[in-house]
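Ligands are counted one by one from 1 in listed order, and the atoms in each one are counted from 1 as well.
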Amino acid sequence: MQTTEQPVLRDIVLIGGGHSHVGVLRRFGMNPEPGVRLTLICHSVDTPYSGMLPGHIAGHYSFDDCHIDLFRLAQFAGARFYHDDVVGLDTANGKVLCRTHPPVGFDVCSINVGSTPQMGRVPGAAAHAVPVKPIPGFNARWLALLARVRQHPGRTTIALVGGGAGGVELTLSMQHRLRAELTALGRNPDDLAFHLFTRDAQVMPTHNPWVRRHFTRVLAQRGVHLHTGAEVVQVGAGCLTTAAGQTVAADEIVWVTQAGGPAWLQGSGLALDAEGFVKVNGHLQTSHPQVFAAGDVCAFGPRPLEKAGVFAVRMGPPLADNLRRAVRGVPLKPYKPQRHWLSLVSTGDRHAVASRGPFGWAGDWVWRWKDHIDRTFMKRFSRFPAMTEMRAARANALVTDLPLSADESTQASAAAAMRCGGCGAKVGATVLQRALGALRPVERSDVLIGLSAPDDAAVVRVPPGKAVVHTVDFFRAFIDDPYVFGQVAANHALGDICAMGGEPQTATAIVTLPPGLEAKVEELLLHLMSGALQVLNAAGCALVGGHTGEGKELALGFAVNGLVDDNLRTVLRKGGMRPGDALILTKPMGTGTLLAACPQAAQLPWFRGRWVTEALGHMVQSSQAGARILSAHGATACTDVTGFGLLGHLVEMTQPSGVDAELWLSALPVLPGAEDCVAAGIRSSLAPANVRLRRALQNPQAFVNHPRYPLLFDPQTAGGLLASVPPAQAQACVAELKAAGYAHTAVIGRVLPQGDAVESVGLVG
Ligand SMILES: Cc1cc2nc3c(=O)[nH]c(=O)nc-3n(C[C@H](O)[C@H](O)[C@H](O)COP(=O)(O)OP(=O)(O)OC[C@H]3O[C@@H](n4cnc5c(N)ncnc54)[C@H](O)[C@@H]3O)c2cc1C
């Protein structure tokens, strides 16, 4: 969680983590803009660096070698990272529209989302061809294609459509890799045939004649069938047809041409060109003065630019500069693209060709040169300088040079004054009404007085034959995404009700919001509560009230009521385990150590942001269905694994049950990256208190060096259900849980009769 002493006065929202925005983020990280908050919204956590993508396809680079971790970069920049898909832009109201998050407000916004394939223009292409663009998703498509080719019996024919530098480089890289794959499988690499189609008279039309001749020769030497002047006009299952009527059979068809702007820009009101790209002027500013665009998605007004990563990268610094200038309200500076630039295009076999204006060079040394340039570039986005005192001071500086209205100045001063006084006052009624008025809690017939007719307190009926289960949980925000934090906090609070086998009924919220400009506080509250409501509504739990106060840090908690049968027969208790029962855990462990690592992520080159997004995916997964399945399989005891960690919660079950237990460390489901984090000594602040529970272990000395041992003490947020299930039911129960979406569910041990020793839990490796 990033916090500065300064209230947020202006929001810059970056749409897409393309080559220009990574440069913008790095620059803001090096030199923060006081009072300005950056938010990056991107649908991928790992964004590819296009220069190394063909090398990755060829097998020379790993996935991580050629992808920038946007989560870590955002941490370094002090930016919020929203993992989401942008689906629209409301320029009139200054909002970015997302697939899952509520609208994200901006003062200044920038678009760098690359190009989108326009396959709809060629009949059959969308259904039967694999698009290379958008390049961020290409790795998954490539891996699927690789698997198909590996399994394809006999000869495989691959056709690529698009004879630009990308198409040629991709053809040669794919061929290099696939030949190696077939050889490794003991098959004949000559069982591969490649066809490359281009509507132009030659390949790589934007390069000089020497480079074009060179690549034409290389393609011929490699046995690639080159079809020039051959526009593909139709694609079918297993074949494509050119304008001249030639039909070629192909097992795989890869689309490296005809890209345009994304469809969602059409409704944005921004001026677009015929291909749907956003028109920008020489300042990278769109037809809306507060919206900028860079990279492939922009159509540069002063002169046409090639859709190449090199331009997207070069646009980064002037874009960063103009975004600052736009929030400060000072004149923008023009971007002057270079007339000639160096292109380094590889031939797949650690050999490359350099092309610059009329010049060209080729050789293994060019590949080494390219490799050096590319790795140096990537290092700038994987190893970040530590936050210096100077940068921290700048991030926290009291702002003087942002143009604020008189009203905003008053609100900013009030926010600063409240913070100094440590006031816990209530949030203003207008802000509350506007934010909460937009929420639609689920309606229940047993809620007699709730949010739809707010009063001093809610009135709720307990249906006949039912008893109420009460629980409460409260958290400080641990991620810079209030919507997702709201989801996790609500899900965590519901976990106790689910673990008891109860039906969630009502919830009241307690919220702490940092003070700031009213509009910013209102949006924060709306995001926070929208996330929470999404989870509560899905669980059928009505939000019936709450309290919102001001404090230094964002925090959210819920008091939740659930219903159980008043004869308690359906209640899942902690006691009740029986010797012989199987111990089942429904979610992987490790949220504590992963969340503890997050604030330091920028300084941990081995850390991966995708670990966090995967962990959050588990944290927002409801345990409601899981509890029902466990109950249906005769669970004898159940609890949700949270703050006390796996061992702490297991002991809470064994003690009242009067049994011992055996835990199988190798069977423990673990989140990706959790073992890396504990191996690096990263522990949640609660972990040391949990470690005291090791006194419950019979044989800890044999396992202290086991990589999963520390995870026994790792406190979980919205962790899985831990249950004991009769052994005869265990296999079917696990299968049903997995089918219900608890993919990592595992039997992690068994319940034993109580021994004489005080220690109740034995470990098995
Ligand atoms: C095989 C191949 C090889 C290439 N090699 C080179 C090369 O060597 N040198 C070179 O200069 N160029 C090369 N190019 C061209 C290069 O890939 C593009 O010009 C470059 O990627 C464009 O960069 P960008 O920043 O505009 O967008 P991208 O790099 O495509 O980044 C777009 C970002 O926006 C995100 N995004 C997209 N839509 C949304 C949305 N709706 N919501 C949220 N996030 C979104 C994506 O996840 C991604 O992070 C190559 C292209 C191909 C196909």
Would Lys370 count as being in polar contact with ligand 1, using the rule that some N or O on each side must be under 3.5 angstrom apart?
no

Of Thr171, Leu219, Leu172, which is the lone residue that meets side chain to side chain contact (heavy atoms under 4.5 Å, CB included) with Thr347?
Leu172

Counting from 1, what ligand 1 atoms have a heavy atom of Asn112 closer than 4.0 Å?
24 (P), 25 (O), 26 (O), 32 (C), 33 (C), 34 (O)

Proximal ligand 1 atoms for Ala308, defined as those under 4.0 Å from one of its heavy atoms
11 (O), 12 (N), 19 (O)

For the residue pair Ile15 and Val113, what are the closest heavy atoms and their distance?
O-CG1, 3.6 Å

Would Gly309 count as being in polar contact with ligand 1, using the rule that some N or O on each side must be under 3.5 angstrom apart?
yes

May I ask you to check if ligand 1 and Val310 share an N or O to N or O distance below 3.5 Å?
yes

Just by distance, do the side chain of Gln118 and the backbone of Thr116 share a donor-acceptor pair under 3.5 Å?
yes

Looking at ligand 1, is there an atom of it that comes within less than 4.0 Å of some heavy atom belonging to Asp84?
yes

Any idea which atoms of ligand 1 are less than 4.0 Å away from a heavy-atom of Pro54?
3 (C)

Is it the case that the side chains of Tyr61 and Asp371 hold a donor-acceptor pair, with the cut-off being a distance below 3.5 Å and no angle test?
yes

I'd like to know if Asp85 contacts ligand 1, where contact means a heavy-atom distance under 4.0 Å to any ligand atom.
yes

Short question: side chain of Arg99, backbone of His43 - any donor-acceptor pair under 3.5 Å?
no

Quick check: does Ser115 get an N/O under 3.5 Å from an N/O on ligand 1?
no

On a heavy-atom basis, the closest approach of Val291 and Leu89 is CG1-CD2, 4.2 Å

Report the residues that fulfil ring pair (Phe, Tyr, Trp, His ring centres under 6.0 Å) with Phe485, sequence neighbours left out, ordered by chain and then residue number.
Phe478

Please say whether Lys133 places an N or O atom under 3.5 Å from an N or O atom belonging to ligand 1.
no

Check if Trp264 has a non-hydrogen atom at a distance under 4.0 Å from any atom of ligand 1.
yes

Among all protein heavy atoms, pick out the one at the shortest distance from atom 52 (C) of ligand 1; state its residue, atom name and that distance to 0.1 Å.
Gly166 CA, 4.2 Å

Under 3.5 Å, N or O to N or O, is Val132 touching ligand 1 that way?
no

Of the backbone atoms (N, CA, C, O) and the side-chain heavy atoms from C-beta on, which set of Lys307 has a member under 4.0 Å from an atom of ligand 1: side chain, backbone, both, or neither?
backbone

Starting at CZ of Arg150, measure out to CG of Leu145 and round the result to the nearest 0.5 Å.
10.5 Å

Quick note on ligand 1: atoms under 4.0 Å from a heavy atom of Thr47 include exactly 48 (C), 49 (O)

Name of the residue among His283, Met315, Gln285 meeting side chain to side chain contact (heavy atoms under 4.5 Å, CB included) with Tyr335:
Met315

State if Cys42 counts as touching ligand 1 under the rule of any non-hydrogen atom under 4.0 Å.
yes

Under 4.0 Å from any heavy atom of Gly51, which atoms of ligand 1 are there?
8 (O)

Sorted by chain and residue number, the salt bridge (charged side-chain N to carboxylate O under 4.0 Å, His left out) partners of Arg314 (sequence neighbours excluded) come out as none

Per-atom contacts, ligand 1 versus Gly295 - under 4.0 Å to a heavy atom:
26 (O)

